[in-house]
Each structure stands twice: as C-alpha cells, then as structure tokens.
2 protein chains.
Amino acid sequence: MDAVDRRIIAALREHGRATYAELGRQVGLSASAVHERVGKLETSGVITGYHAVVNPSSVGLGVTSLIGIYSTDTADDEDVAEALARLDEVESCYRVAGDESFIVKVRVATVDDLERTLGRLRRIEGIARTRTTLVLSTRFEGRPNTSEVDDGDE
Amino acid sequence: MDAVDRRIIAALREHGRATYAELGRQVGLSASAVHERVGKLETSGVITGYHAVVNPSSVGLGVTSLIGIYSTDTADDEDVAEALARLDEVESCYRVAGDESFIVKVRVATVDDLERTLGRLRRIEGIARTRTTLVLSTRFEGRPNTSEVDDGDE
DNA sequence: ATTGAAATATTGCACAA
DNA sequence: TTGTGCAATATTTCAAT
C-alpha cells in the first residue's frame, strides 16, 4: 500500500462509481494499472464493498435511533451479536466498553415499528434491558475521513 | 417511485458499482432505461452518493468511539453542529433527543488522537461536556435494510 | 506498469408503445 | 411518459511486453 493506493482509496470513498479511467487520470496511471490495484485492494480486504447511500426517509425509513444494549450477567455476547445481526432493522452494531455491551443503530419506518423492534430486542436471550436514544436529525453520516491520506511526497 | 426503482435502489445499496447493463438484466429493463431511472433517483435526492467502504484499520483509523455531546444552556445547536462538521475525525453526527444534544462517531488512529479530539470538542463554544464510549469491535455497519422493498406483485 | 485489442458498457437520440 | 434499439464513444479486461 503506497501513496497512490491511498489516493485511489480516498477517491473511491468519495466517489464510489468513479471509472478506472477517471481514477487513472487523477493519479497519473493507466486504467489497467488502476484496475489491478483496486482488484488487489478488494481481495486483500482493504476495500470491503461499494454502496449507494440513500435518503432514508425516501425509502420509508424515517425513524432512526441509537440503542444501548445491556447484557445479563450470564450472557454470551457472541450469541447476542448474532441475534442482533438477524434483525434487519439493525443497521450497525458496535461492541462497546462501559455499562452497555453493544450500541446498535436501528432504522425503521415509524415509532410503532421502533416499539416492535424494542420488544424483539428485549426478547433476545442474554439482553437484560435497552436504552433508546431517538435521533432527531442526521447532520451527516459516514463521511470519509481522509486526513491520513496526506502524503508529503509529491 | 415504483417497485422497479426500489429494486434498483436495493441492488445499488448492496453493489454500488453494478453497471446499468447488469441492473437492467436484474430488473428486466434495458440499460438505457435503468440509466434514466438512476439519473432521476440521483437528481431527486433519493440516491445521495456512492462510496467505497474501507476496512478502517487498514487506512490507519483503528480507534472508533461514540461520543455524546452535552450543550451549554446558552448554546446554539446549529453553530455546534457546524463546528462538529469542521472536525475531520467526526465521521457521523446525529442530533438526538435526551440529555445529550448530539451523538457523534469519531474515528482516529490512536487513543492519543482520541484524547486530542476530545480536547478539541470541549473547546467548541456551546459544548459543556462530552461522554465517550469506546468501540471495542464493529460487528457490522451501514448494513442496508431492504425489508421494505418487499413487493407483493411479481 | 504499459500498450494494444476485443468485449462490454455508457449515453444520446429517434421513435414506438 | 417511459422504454427500446441503435450508434458513437468510452471503459473494462486480457495478454504480451
């Protein structure tokens, strides 16, 4: 992984559909070379995927919440994580340090759906209780931090 | 926005670099038709962008934390949000209901960097204090919830 | 990493359902 | 209006170097 790889990554983080030809022009390489580099970044697990980002309310998922998950004393957190993964509405899941075992981000259509999700969460073996924080608005999300892609050498 | 649009969106959420030709094969439309539909979804703000997802530690951002922001009594939350947006290491920013005004997700290279970021946060006008939850591991993140894309009619 | 070449994809446009 | 088919570019993807 050199500076060129990092520039390609930064470009793809901002513009996931950039063509290899475009990327090549940006970094001063042929499309083929970029193609091969990106392929290697993908198979080595540096780039894990490409996703379209959608305005949640326009796909009927207007209610976002951040939910802290408290485990029971005897819980196996691995099992809890798997149970959380089985719920479609759980978009992200973080294992955290502190009183809570996990913090998850949940996106649903309505507060009624949120209530249903909370019910499902509480019924998961190993979950003692939950603490819900409702998101009023998302100022920004998943913004690429490219601060480390600063190369001195060019 | 019809069922075909929803299927295209679902496909692009999973596979952001899918070609129009590929998408067309999936939904039974010509590449031209898909091209036009996607263009409209983009200009109407349904699809807001495409991004490569990168393994954070492989780009030197191995430390993730979720930080609750408490505002002062006199704070203008709009100003606070703008100040938060100016910090590169703040990847996501949610305005929330509850004791905290915002919850932000911060990604940095080391705990030293985290300490520096916390210092920057506390120096922002309008922020009274912060509450940091360290992420031990990310089980999954930004997973597309396609549960609402269930069409009965096909 | 490059070049060259064949296969594939993009994208504008005329026209048809 | 939305989709199709076509044609001109452009891109992808290989093999050879």
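Just so we're on the same page: letters track the sequence lines, and every chain starts at 1. Here the structure is a predicted model, which is why all the values come from computation and not from measurement.
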Engineer: Heavy-atom distance under 4.5 Å between the side chains of A/Val46 and B/Asn55, does that happen here?
Structural biologist: no
Engineer: Any chance you could measure A/Arg86, atom CZ, to A/Arg120, atom CZ, to the nearest 0.5 Å?
Structural biologist: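 Taking CZ in A/Arg86 and CZ in A/Arg120, the distance rounds to 13.5 Å.
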Engineer: Estimate the overall bend of the helix from C/dA1-D/dT17 to C/dA17-D/dT1 from the end axes over five pairs each, rounded to 10 degrees.
Structural biologist: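 Rounded value for the end-axis angle: 40°.
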Engineer: Would you mind listing the cluster partners of B/Tyr94? Hydrophobic ones only (ILVMFWY), side-chain contacts under 4.5 Å, chaining allowed.
Structural biologist: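 Direct or chained contacts put B/Tyr94 with A/Leu66, A/Val135, B/Val96, B/Ile103.
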Engineer: Round to the nearest Å and state the distance from A/Arg37 atom CZ to C/dT2 atom C1'.
Structural biologist: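 One finds 13 Å between C1' of C/dT2 and CZ of A/Arg37, rounded.
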Engineer: Output the distance between atom OG1 (A/Thr130) and atom CD (A/Glu100), rounded to the nearest 0.5 Å.
Structural biologist: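 Answer for the OG1-CD pair, A/Thr130 versus A/Glu100, is 9.5 Å.
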Engineer: With side chains defined as the heavy atoms from C-beta onward, is the minimum distance between A/Val108 and A/Arg116 less than 4.5 Å?
Structural biologist: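 Answer no - side chains too far apart.
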Engineer: Residues from residues 14-31 of chain A sitting under 4.0 Å of DNA chain C, heavy atoms only?
Structural biologist: A/Leu29, A/Ser30
Engineer: Can you measure from CG (B/Leu41) to CD1 (B/Ile9) and round to the nearest 0.5 angstrom?
Structural biologist: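 Rounded to the nearest 0.5 Å, the CG-CD1 separation comes to 4.5 Å.
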Engineer: What residues in residues 38-54 of chain B put a non-hydrogen atom under 4.0 Å from any atom of DNA chain D?
Structural biologist: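 Within this stretch, B/Lys40 sit under 4.0 Å of the strand.
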Engineer: So with a 6.0 Å cut-off around CD of A/Glu42, is the heavy-atom count from everything else above 12?
Structural biologist: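 More than 12 heavy atoms, drawn from other residues, nucleotides or ligands, come within 6.0 Å of this atom.
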Engineer: Going 5' to 3' on DNA chain D, which nucleotide is the first and which the last to come under 4.0 Å of a heavy atom in chain B?
Structural biologist: D/dT2 to D/dC6
Engineer: Which value, rounded to the nearest 0.5 Å, describes the distance between B/Arg131 atom CZ and B/Leu118 atom CG?
Structural biologist: 12.5 Å
Engineer: What does the list of N/O pairs under 3.5 Å between the protein and nucleotides 15-17 of chain C look like, with a distance for each?
Structural biologist:
none

Engineer: Would you give the length of the straight line joining atom CZ of A/Arg129 to atom CD1 of A/Ile69, rounded to the nearest 0.5 angstrom?
Structural biologist: 11.0 Å
Engineer: Is A/Glu141 close to A/Lys105 at the side-chain level, that is, under 4.5 Å between some pair of heavy atoms?
Structural biologist: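 Yes. Closest side-chain heavy atoms under 4.5 Å.
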Engineer: Are A/Thr72 and A/Val80 packed together at the side-chain level, in the sense that at least one heavy-atom pair is separated by less than 4.5 angstrom?
Structural biologist: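 No, every pair of side-chain atoms sits at 4.5 Å or beyond.
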Engineer: Find the distance A/His35:NE2 to C/dT2:P and express it as a whole number of Å.
Structural biologist: 15 Å
Engineer: What I'd like to find out is whether the side chain of B/Ser101 reaches to under 4.5 Å of the side chain of B/Arg95, using heavy atoms alone.
Structural biologist: yes
Engineer: Is there side-chain contact between B/Leu121 and B/Leu87, with at least one heavy-atom pair below 4.5 Å?
Structural biologist: yes
Engineer: Within the structure provided, determine whether A/Lys40 and A/Met1 are in side-chain contact (heavy-atom separation under 4.5 Å).
Structural biologist: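 In short, these two side chains do not touch, never coming nearer than 4.5 Å.
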Engineer: Quick check for you: to the nearest 0.5 Å, what is the distance between B/Thr74 atom OG1 and B/Glu125 atom CD?
Structural biologist: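 Going from the OG1 atom of B/Thr74 to the CD atom of B/Glu125 covers 7.0 Å.
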